[in-house]
Asks: 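Below is a structure I'd like to ask you about.
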Amino acid sequence: MTEPNQLLFFFSALGAFNGLLLSLYVAINTKKKVFANYFLAFLLLVLSIRIIKSVFFYFNPELSNIFIQIGLSACILIGPFLFLYLKSFSANKNSSWVVHILPFIVGITILGIAYPYTEHRGVWSHWIVLGIYLQWLVYMILSFKYLIPILMKIKAKEKLMDFEVWLLSIYTGVAIIWFAYKFGAYASYIVGSLSFSFVFYLILLLIIFRNSRETTFFQEKEKYKNKEIDTETLDLMHQKLAIIVDQELFLDPNFTLETAAKELKVTKHLLSQYINETLGKSFSNLIKEYRIEKAKQLLEKESNYTIESLGYDSGFSSKSTFFTAFKKITGSTPAEYQKSQSK
C-alpha cells in the first residue's frame with residue numbers, strides 16, 4: 001500500500017473504529033441507564049459497521065461477500081435508530097421501538113437468505129441497496145419534525161440547551177453521511193467513510209468545547225449531588241418563585257435565569273437547583289408554562305387576539321415559539337383552546 005493510500009486508510013478507518021468503541025461505551029458504561037442512550041449506542045454501532053465494511057472493501061476488493069452483505073444490511077437500521085433517538089427527547093414517547101426495528105431485521109434477513117450477496121450482487125447493487133437508502137431517507141424526513149422546536153429557537157435567536165445542540169449535530173451528521181454515500185460514490189467509494197470520520201470528530205470537538213459540565217451524552221447529570229436544599233431554604237425558594245408569578249416578571253421576553261436570580265436576590269445555582277430538583281423541570285420550561293397560563297387567561301377574557309399579539313402579550317419573542325409551546329403544553333392550538341372554553 002502506497003503512502004497516500006496508507007493515510008487515506010488511516011483517516012477513513014479512524015472514525016469508524018472509534019465510533020464502534022464509543023457505541024460500546026454508551027451501551028455498557030453510561031452512568032445513567034437512560035433508554036435513549038441505547039438508541040444512540042445502536043445508531044453508532046450500525047453506522048460503524050457500515051463504514052468499516054466500506055473501508056476494507058475499498059482497500060481490499062476481494063473482501064468476503066458475507067462481510068459486505070452484513071455491512072450493507074446494517075444500513076437498514078440507521079434511519080430507525082436515528083428516529084427513535086430523537087423521538088425519545090420529544091413530549092410524545094409512546095411508540096414501541098419493536099415496530100421500527102424488528103420488521104426491518106426480519107425483512108433484511110429473509111432477503112439475505114433468499115438473495116445472498118455472493119450469488120446476487122446485481123440485485124443487491126441495483127435494488128436492495130437502493131431500497132435501504134430510500135428507507136434511510138424516509139426515516140430522516142420523519143425524524144426532522146423532532147428538530148422543528150430547536151430550529152424555531154434558532155429562528156427566534158433563543159439560546160439552545162446543550163442537548164439540543166447535540167441532537168441537531170447527530171441529525172446533521174447522519175444526513176451528511178447519507179448524502180456522501182448516495183452521491184459521493186460518483187467521485188469515490190471512500191467518500192462516505194471519510195465523511196463519517198470528519199463528522200465523528202467534528203461532533204466530538206463540539207462535545208469537548210461545550211461540555212462545561214459532565215453529562216451522559218447530554219442527558220442531564222446529577223448536578224447537585226450531596227448538596228440537598230434544607231427545608232427552610234425550600235420554603236424560602238417557594239416564596240421567592242411566587243414573586244415571578246405575582247409580578248409577572250416572565251412577561252419580559254428576555255427574562256433569563258440570571259435575571260431571575262438577580263430579581264429574587266438568590267444565587268443562580270440555588271435557583272437552578274430548586275427548579276430542577278424540586279419542580280422537576282428546567283428554568284426555560286417553567287417560564288414557558290407561566291407564559292402559557294397567561295395566554296390562556298387572555299384567551300378566556302378576550303376573543304379578538306391574534307396569535308402574534310397573544311404571543312407577545314404573554315412574554316414570547318415570536319409567534320412561532322409561542323404557537324409551538326402552546327401546542328406542546330396544552331395539546332391544542334390557541335384557537336382550539338378558546339373554542340373549548342366557550343362551550
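Owing to the predicted nature of the structure, the values given are computational and were not obtained by experimental measurement.
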Asks: Less than 4.5 Å apart, any side-chain heavy atom of Trp97 and any of Phe42?
Replies: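 Sidechains of Phe42 and Trp97: no contact.
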Asks: Go through the steps to decide whether Phe104 and Tyr139 satisfy the test side chain to side chain contact (heavy atoms under 4.5 Å, CB included), and finish with yes or no.
Replies: CA-CA 13 Å; Phe104 293 117; Tyr139 266 100; 3.4 Å; yes
Asks: With a 4.5 Å cut-off on side-chain heavy atoms, are Ile132 and Ile108 touching?
Replies: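 Sidechains of Ile132 and Ile108: in contact.
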Asks: So Leu299 and Pro334, do their side chains get closer than 4.5 Å, heavy atoms only?
Replies: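 Yes - at least one pair of side-chain heavy atoms lies under 4.5 Å apart.
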Asks: Which of parallel (below 30°), tilted (30 to 60°) and perpendicular (above 60°) describes Phe81 and Phe39?
Replies: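 It falls in the tilted class, 30° to 60°.
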Asks: Do Val138 and Trp178 sit in one hydrophobic cluster, given that two such residues count as connected whenever their side-chain heavy atoms are within less than 4.5 Å of each other, even indirectly?
Replies: yes
Asks: Donor-acceptor check, side chain of Ser340 to backbone of Tyr337, threshold 3.5 angstrom: yes or no?
Replies: yes
Asks: Is it true that a side-chain atom of Lys240 and a backbone atom of Leu264 form a donor plus acceptor pair closer than 3.5 Å?
Replies: yes
Asks: For a side chain to side chain contact (heavy atoms under 4.5 Å, CB included) check, start with the C-alpha distance between Asp313 and Leu310, then their side-chain angles and the critical distance, and finish with the verdict.
Replies: CA-CA 5 Å; Asp313 288 350; Leu310 184 61; 5.6 Å; no
Asks: Is the side chain of Gln69 donor-acceptor paired with the backbone N or O of Pro116 at a distance under 3.5 Å, no angle test?
Replies: no
Asks: Tell me whether Thr324 contacts the main-chain N or O of Thr321 through its side chain, where contact means a donor paired with an acceptor under 3.5 Å.
Replies: no
Asks: Are Leu134 and Phe144 linked, directly or through other ILVMFWY residues, by side chains that come within less than 4.5 angstrom of each other?
Replies: no
Asks: Please report the interatomic distance CG(Leu86) to OG(Ser143), rounded to the nearest 0.5 Å.
Replies: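 Answer rounded to 0.5 Å: 5.5 Å.
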Asks: To the nearest 0.5 angstrom, please state how far the CG atom of Leu82 sits from the NE2 atom of His100.
Replies: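 Atom-to-atom, Leu82:CG and His100:NE2 are 12.0 Å apart.
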Asks: Do Arg291 and Phe255 come within less than 4.5 Å of each other through their side chains, counting heavy atoms only?
Replies: yes
Asks: CG of Leu77 to CG of Leu43: how many Å apart, nearest 0.5 Å?
Replies: 10.0 Å
Asks: With hydrophobic residues grouped by side-chain heavy-atom distances under 4.5 Å, do Ile105 and Ile76 end up in a single group?
Replies: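 Cluster IDs for Ile105 and Ile76 match.
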Asks: Assigning hydrophobic clusters by single linkage (Ile, Leu, Val, Met, Phe, Trp, Tyr; side-chain heavy-atom cutoff under 4.5 Å), is Phe179 placed with Ile78?
Replies: yes
Asks: Show your working on side chain to side chain contact (heavy atoms under 4.5 Å, CB included) between Leu257 and Ser272 and close with a plain yes or no.
Replies: CA-CA 8 Å; Leu257 180 64; Ser272 176; 4.0 Å; yes
Asks: Is the centre of the Tyr146 ring less than 6.0 Å from the centre of the Phe83 ring?
Replies: yes
Asks: With a 3.5 Å cut-off and no angle check, do the side chains of Thr172 and Ser169 form a donor-acceptor pair?
Replies: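 No pair is found: no donor N or O on one side chain lies under 3.5 Å from an acceptor on the other.
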Asks: Looking only at atom types and distance, does a side-chain atom of Thr330 sit under 3.5 Å from a main-chain N or O of Phe326, one as donor and one as acceptor?
Replies: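 Checking the backbone N and O of Phe326 against the side chain of Thr330, a donor-acceptor pair under 3.5 Å is found.
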Asks: Report, one line per pair, each donor and acceptor closer than 3.5 Å where one atom sits in a side chain of residues 245-252; sequence neighbours left out.
Replies:
{"residue": "Glu248", "atom": "OE2", "partner": "Lys294", "partner atom": "NZ", "Å": "3.0"}
{"residue": "Asp252", "atom": "OD1", "partner": "Asn254", "partner atom": "N", "Å": "3.0"}

Asks: Does any part of the side chain of Ile287, heavy atoms only, come nearer than 4.5 Å to the side chain of Tyr290, both counted from C-beta?
Replies: yes
Asks: Tell me if the OH atom of Tyr115 is crowded by more than 12 foreign heavy atoms within 6.0 Å.
Replies: no
Asks: Can any side-chain N or O of Tyr171 pair as donor or acceptor with the backbone N or O of Met140 at less than 3.5 Å?
Replies: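 Checking the backbone N and O of Met140 against the side chain of Tyr171, a donor-acceptor pair under 3.5 Å is found.
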Asks: Would you check if Ile275 and Ser282 make a side-chain contact, meaning some heavy-atom pair closer than 4.5 Å?
Replies: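 The answer is no, as the side chains (C-beta and beyond) never meet within the 4.5 Å cut-off.
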Asks: What distance do Lys262 atom NZ and Leu271 atom CG have between them, rounded to the nearest 0.5 Å?
Replies: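 Between Lys262 NZ and Leu271 CG, I get 15.0 Å after rounding to 0.5 Å.
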Asks: Output yes when Glu336 and Lys339 qualify as a salt bridge under the 4.0 Å nitrogen-oxygen rule, no when they do not.
Replies: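 Between Lys339 and Glu336 there is no salt bridge, as every charged N stays at least 4.0 Å from the carboxylate O atoms.
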Asks: Which atom pair, heavy atoms only, marks the closest approach of Ala295 to Phe322?
Replies: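 It is CB-CE1, 3.7 Å.
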Asks: Considering all heavy atoms of both residues, which atom of Ala325 and which atom of Ile292 are nearest to each other, and what is their separation?
Replies: C-CD1, 4.0 Å
Asks: Is Leu102 reachable from Trp136 through a run of hydrophobic residues whose side-chain heavy atoms are each under 4.5 Å from the next?
Replies: yes
Asks: Heavy atoms, side chains only, cut-off 4.5 Å: are Met237 and Thr233 in contact?
Replies: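 Of all side-chain heavy-atom pairs linking Thr233 with Met237, at least one is under 4.5 Å.
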Asks: Kindly determine whether Lys288 and Ile329 satisfy side chain to side chain contact (heavy atoms under 4.5 Å, CB included), including the steps that lead there.
Replies: CA-CA 9 Å; Lys288 282 180 183 177; Ile329 293 173; 4.2 Å; yes
Asks: Using a 3.5 Å distance criterion without hydrogens, assess whether the side chain of Ser125 forms a donor-acceptor pair with backbone atoms of Arg121.
Replies: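 Pair found, side chain donor or acceptor close to backbone of Arg121.
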Asks: Can the ring centroids of Tyr312 and Phe316 be said to lie less than 6.0 angstrom from one another?
Replies: no
Asks: For the CD1 atom of Ile243 and the CD atom of Glu263, what is their distance to the nearest 0.5 Å?
Replies: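 One gets 9.0 Å once the value is rounded to the nearest 0.5 Å.
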Asks: Side chains of Trp124 and Leu130: closer than 4.5 Å at any heavy-atom pair?
Replies: no
Asks: How far does OG of Ser314 sit from CD of Glu293, to the nearest 0.5 angstrom?
Replies: 10.5 Å
